[in-house]
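Here's the structure, in structure tokens; my notes come after.
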Amino acid sequence: MESLKVHREQRKIIVTGGAGYIGSHTVVALARAGYHPIIVDDFSNSHPYVLEGISNVIGYTPDCYQINCRDLKDLNNIAKDHPDIQGLIHFAAYKLVGESVKEPIKYYENNIDSNINVTKFCLEQGIKSIVFSSSCTVYGEPDKFPVSEEFPIKTAESPYGRTKQIGEYFFEDCIKAGLPLNVISLRYFNPIGAEESSEIGELPLGVPNNLVPYITQTAIGIRETLTVFGDDYPTPDGTCVRDYIHVSDLAKAHTAALDKLIFESGDDSSLEYFNIGTGRGYSVLEIIRAFEKVSGKKLSHKIGKRREGDVPMIYADPSKAFKELGWRAEFNIEEALEHAWKWELKLRDLKLKKTG
Ligand code: UD1
């Protein structure tokens, strides 16, 4: 492992969306592994505090460019400072499912354009290795469980989901055309939690859409009651089942993907898909109970109506990532929820002003 770290040394990796939730944890994972991350972020949905948090963990502030990925000229300017970039991880995208239904143009324009642009940037700069941030949403509503990578891509439930599918199709076409790229698409299940040190974590702007930040904000008193979206699903306790993965484990999957792209790819163009999940599903009620156990707090919650677009159940078969990337999740659900709770407590003390 140490020798791999030596090989990684000085290899510069651009992380678009590197100030975001998954992006910031990935910057930390890359730096710890010996890579040299460079953040590109327009800070439209992230807070400048993130840079301080990252620096508290890794001991230095990574180079950071406040750039929108839809601007190719700005991207190319980075290469003037760093002519030796070796890879790119593309996180920068809008991700709110509900908002995407109401504002499809915003989602198609941003997510698709920036995807095309970062690819053009890589081609112009001779960067072959790209990790694409995809989602289990590409599987739609699966018929069987756990879900493995060869399952069919089904109709996505939202414009957001479609932009992830289009992203994958786009890379497929680039590879078919023989463009000099090696791409890994990581299909994330449900990232939760925060860096163990509580220096970085999720910073949801406004009312959180996702379950775990809603839980922690309810427990700390920002929200009154959590609504469980439906308890009449065909699942063991009637609430939806998801594969919740610690964000720091998810972040490490990017290091593993880059290692494969940079050290193992041959001359041919390639595209591969990997599920990044734990392999274990938990219902909403199980998550509430686990949270109560780790936080020692009773969570105010009520059962509400189903939320449109939710699939009853989805969890990963992550065995391909283990076999081919040597990666697997290490934190368990209690640890992930404990870190999410510690982060919420830290946020209360930080009193960050809202941006974006
Ligand atoms: C959602 C997206 C997914 C995206 C992911 C990013 C959909 C259909 N999918 O996943 O594409 O990659 O976010 O993190 O939106 N829940 C409640 N009450 C709440 C909030 C959530 O009961 O207040 C339930 C939901 O019904 C769901 C589970 O908790 O069953 C998880 O929800 P959430 O955290 O929003 O993630 P997903 O919807 O699975």
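First listed ligand is number 1; within each ligand, the first listed atom is number 1. Computation of the quantities below employed the complete heavy-atom set of this structure, encompassing side-chain atoms and omitting hydrogens, waters and symmetry-equivalent molecules.
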Look at Glu195 together with Arg32 and state whether they make a salt bridge at an N to O cut-off of under 4.0 Å.
yes
Protein heavy-atom partner closest to atom 37 (P) of ligand 1 - residue, atom, separation in Å:
Asn190 ND2, 3.5 Å
Distance filter under 4.0 Å to Val228 heavy atoms, resulting ligand 1 atoms
22 (O)
Any Gly309 heavy atom less than 4.0 Å to ligand 1
yes
Compare Leu285, Val138, Asn210, Asp310 and give the one whose heavy atom is closest to atom 5 (C) of ligand 1.
Asn210
Do the two ring centres, one from His254 and one from Phe91, sit under 6.0 Å apart?
yes
Please evaluate residues Val241 and Tyr233 with respect to the criterion side-chain contact (heavy atoms from CB on, under 4.5 Å), reporting the C-alpha separation (whole Å), side-chain torsions for both, the decisive distance (0.1 Å), and the verdict.
CA-CA 9 Å; Val241 171; Tyr233 284 99; over 6 Å; no
Without hydrogens or angle criteria, can the side chains of Lys120 and Asn117 be said to hold a donor-acceptor pair below 3.5 Å?
no
Proximity of Thr227 to ligand 1 by residue part, where a heavy atom lies under 4.0 Å:
backbone
Just need the protein heavy atom nearest to atom 24 (C) of ligand 1, so name the residue and atom and give the distance.
Val284 CG2, 3.8 Å
Dump the intermediate steps for side-chain contact (heavy atoms from CB on, under 4.5 Å) on Asn76 and Gln125, then the final yes or no.
CA-CA 8 Å; Asn76 276 325; Gln125 300 302 333; 2.7 Å; yes
Proximal atoms of ligand 1 relative to Thr137 (non-hydrogen, under 4.0 Å):
11 (O)
Using non-hydrogen atoms of the residue, decide whether Arg242 is closer than 4.0 angstrom to ligand 1.
yes
With a 4.0 Å cut-off on heavy atoms, is Glu157 touching ligand 1?
no
When you measure from atom 7 (C) of ligand 1 to each heavy atom in Ile314, Ile192, Val97, Ile288, which option holds the nearest one?
Val97
So which bit of Asn209 gets within less than 4.0 Å of ligand 1, heavy atoms only: side chain, backbone, both or neither?
backbone
Would you tell me whether Asn45 and Tyr21 have side-chain atoms, one donor and one acceptor, within less than 3.5 Å of each other?
no
Out of Gly230, Ser283, Cys240, whose heavy atom is nearest to atom 30 (O) of ligand 1?
Cys240
Not counting sequence neighbours, list each pair that qualifies as a ring-ring contact (aromatic ring centres under 6.0 Å, His included) and has a residue in residues 302-325.
Phe145-Tyr315
Does either side chain, that of Thr239 or that of Asp231, offer a donor lying less than 3.5 Å from an acceptor on the other one?
no
Evaluating non-hydrogen atoms only, which member of Tyr233, Tyr160, Tyr244 is closest to atom 3 (C) of ligand 1?
Tyr160
As a check for students: among Met313, Arg307, His301, identify the option with a heavy atom nearest to atom 35 (O) of ligand 1.
Arg307
Lys144 bridged to Asp317 by N-O distance under 4.0 Å
no
Do Asp81 and Lys12 sit within salt-bridge range, that is, some charged N less than 4.0 Å from a carboxylate O?
no
Counting only heavy atoms, which portion of Leu211 has something under 4.0 Å from ligand 1: side chain, backbone, both, or neither?
both
The option among Phe229, Tyr214, Tyr282 carrying the non-hydrogen atom nearest to atom 22 (O) of ligand 1 is Phe229
